[in-house]
Amino acid sequence: MTKNWWQEVVVYQIYPRSFKDSNGDGIGDIQGIIEKLDYLQKLGIGAIWLSPVYQSPNDDNGYDISDYQAIMQEFGEMADMEIFISEANKRDIRIVMDLVVNHTSDEHNWFIEAKKGRDNPYRDYYVWSDPGVDGGVPNNLTSTFSGPAWELDEASGQYYFHLFSKKQPDLNWENPQVRQAVYDMMNFWIAKGIGGFRMDVIDLIGKVPLEGITGNGPKLHQYLQEMNQKTFGAYDLLTVGETWGATPELAKLYSDPKRNELSMVFQFEHVSLDQQPGKDKWDLYPLDVGELKKVLTKWQVKLGNDGWNSLFWNNHDLPRIISRWGNDQEYREESGKLLAILLHMMRGTPYIYQGEEIGMINTPINDIAEAEDIESINMYHERLEAGFDSKDILASINAKGRDNARRPMAWDNSDQGGFTTGTPWLELNENYETINVAAALADPNSLFYTYQQLIQLRKEYPLMVWGEFELLDTAEQVFSFYRTYQDQRWLIITNFSNEEQVFSCEDKIEELIIQNYRCPINQLSNIKLRPWQALVFKVKNEVARLSSNEEKKL
Ligand code: NOJ
């Protein structure tokens with residue numbers, strides 16, 4: 001099996017708007033990120049996934065791009081980007097750019113041209129349809145950001161398709177010119193020395209809207225193979241697809257090295273467990289830890305060597321994990337460390353979302369006027385109109401809204417957490433005086449050092465990258481597994497609850513690798529795990545010992 005750098009590193013995601021503002025306009029920027037590269041190097045990461053920095057009218061905070069080859073003014077200039085890439089590379093950190101090519105902004109030149117008329121050469125860059133039989137929308141597909149996925153273009157009498165906001169028209173991947181234009185743009189960035197691409201909702205590019213097909217369309221993999229061949233295939237880059245609808249079988253189609261598509265996928269099965277079955281993310285449902293174990297184990301076991309997974313709890317679309325599934329009150333540090341240890345001990349490439357490494361938590365709002373995110377705002381009005389109670393809608397937003405992850409990063413306890421000297425575009429969480437980077441760095445027992453240690457361990461022990469995964473049968477709230485590589489075997493034990501739990505097994509401890517409480521444990525039978533306790537031991541590898549005895553006998 002070929003071993004690739006992108007399997008060995010830990011990736012850190014930056015949401016530039018909220019990371020660090022260098023010029024006092026209240027909006028994070030590229031120079032701000034450059035200022036913090038030493039911090040990221042200290043953490044130990046090997047790549048940065050950079051959320052979009054391209055020119056954009058910001059209807060969806062940069063995921064609506066009006067020029068793929070220009071930098072958003074608020075973030076800086078192309079020259080800043082070039083410095084950033086080279087400064088990061090000097091520190092052995094590669095930059096993975098966000099590739100948003102399911103749609104553009106309606107302010108992209110292609111769309112401005114396309115709207116000029118049915119004969120315009122760019123018309124076919126997008127998906128158009130005449131009205132449906134009743135003279136209205138062509139069909140009842142809906143947008144992720146509420147309302148129909150079709151918008152009438154009055155001038156031509158046709159509808160254009162948009163799976164996200166109406167300012168994000170979908171590109172028509174059937175059109176070879178669109179594909180070539182995207183590949184040229186990708187090659188422009190590759191030539192700048194980037195380390196790869198994170199591909200936004202890439203499972204949607206094969207859509208056939210008039211047949212009602214959005215995800216996993218019939219030509220999706222053909223397009224990805226073509227993209228691979230025409231762009232990154234000749235280089236050693238990380239490519240990760242955002243694939244909401246992936247099953248392990250589908251994930252192999254994307255990431256089996258023999259198929260020449262992507263390095264790995266983001267799958268979302270585990271982060272969809274706390275919603276009511278068959279409903280959407282706003283329909284809250286308590287997490288069943290047993291289900292979480294089942295889903296994560298399935299992904300660990302089923303990909304085998306025919307695909308590669310990414311490991312994450314957070315990103316810019318998801319609520320903060322400690323608030324979501326840990327305990328952001330009495331056990332913020334402990335549950336944060338457990339979540340870190342658990343994730344990094346599984347097989348796949350781990351991703352850390354900015355602020356996760358210092359245990360940032362959700363920021364509840366009391367009024368919809370405090371929300372910035374288009375998804376939450378549209379959903380609020382849609383549900384209000386449908387008769388939902390505004391308190392319940394706000395509860396959903398507080399649990400799942402994307403602004404939770406997008407609150408500016410707190411660097412220290414000075415005004416605005418050192419994020420900006422101006423007025424931040426979105427208020428910081430009011431806890432910034434205690435939960436901030438400076439405080440985490442000053443405390444040798446902080447979550448930051450757990451992350452740093454996990455990244456260091458990954459560099460030292462190939463077992464963390466390559467080891468086989470095997471689940472242990474334990475109490476429901478205990479998530480425990482082995483990782484085994486060559487003659488080494490590690491045992492991971494985590495108590496995913498606020499209560500004590502009993503754990504017992506017959507393994508013999510050889511060495512403690514990492515833990516989140518400081519309490520000595522020297523045997524593994526009948527131990528009482530404290531709330532959110534996480535332990536990793538190197539244990540005697542009985543399996544290896546038995547098989548080598550067998551060999552001796554032969
Ligand atoms: C997925 C991105 O992660 C999200 O932030 C964005 O709104 C949609 N795709 C549309 O680009």
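As the structure lists them, so they are numbered: ligands from 1, and atoms in each ligand from 1. For this chain, numbers begin at 1 and follow the sequence in order.
- Among all non-hydrogen protein atoms, the one lying nearest atom 1 (C) of ligand 1 is D200 OD1, 2.9 Å.
- With a 4.0 Å heavy-atom cut-off, ligand 1 is reached by the side chain of F145 but not by its N, CA, C or O.
- Counting only heavy atoms of the protein, atom 3 (O) of ligand 1 lies nearest to D317 OD2, 2.5 Å.
- Every salt bridge (Lys or Arg N to Asp or Glu O under 4.0 Å) that K167 has, sequence neighbours left out, goes to D106, E107.
- In this structure, N314 and P319 approach most closely via the heavy-atom pair OD1-O, 3.3 Å.
- Contacts with ligand 1 closer than 4.0 Å are made by no heavy atom of E375, backbone or side chain.
- In terms of protein heavy-atom proximity, atom 8 (C) of ligand 1 is closest to F164 CE2, 3.8 Å.
- Closest non-hydrogen pair, V437 versus M409, comes out as CG2-CE, 3.8 Å.
- Heavy atoms of M199 found under 4.0 angstrom from ligand 1: none, in either backbone or side chain.
- Using a 4.0 Å cut-off between charged side-chain N and carboxylate O, R91 and E87 make a salt bridge.
- Near V201, meaning under 4.0 Å from any of its heavy atoms, are these atoms of ligand 1: 9 (N).
- Nearest heavy atom pair, residue E261 against residue T239, reads O-OG1, 4.3 Å.
- Under a 4.0 Å criterion applied to the non-hydrogen atoms of H103, ligand 1 contributes the atoms 10 (C), 11 (O).
- Every atom of ligand 1 with a heavy atom of R406 under 4.0 Å away is listed here by number and element: 5 (O).
- With respect to K281 and D283, no salt bridge is recorded, no charged nitrogen being found less than 4.0 Å from a carboxylate O.
- Using the six-membered ring where Trp is involved, F111 and Y126 have ring planes that are perpendicular, over 60° apart on the 30 and 60° scheme.
- Annotation: atom 7 (O) of ligand 1 to nearest protein heavy atom, D60 OD2, 2.5 Å.
- Look at E372 and R406 and you find no salt bridge, because none of the NZ, NE, NH1 or NH2 atoms lies under 4.0 Å from a carboxylate O.
- Taking a cut-off of under 4.0 Å to the non-hydrogen atoms of R402, the atoms of ligand 1 that pass are 4 (C), 5 (O), 6 (C), 7 (O).
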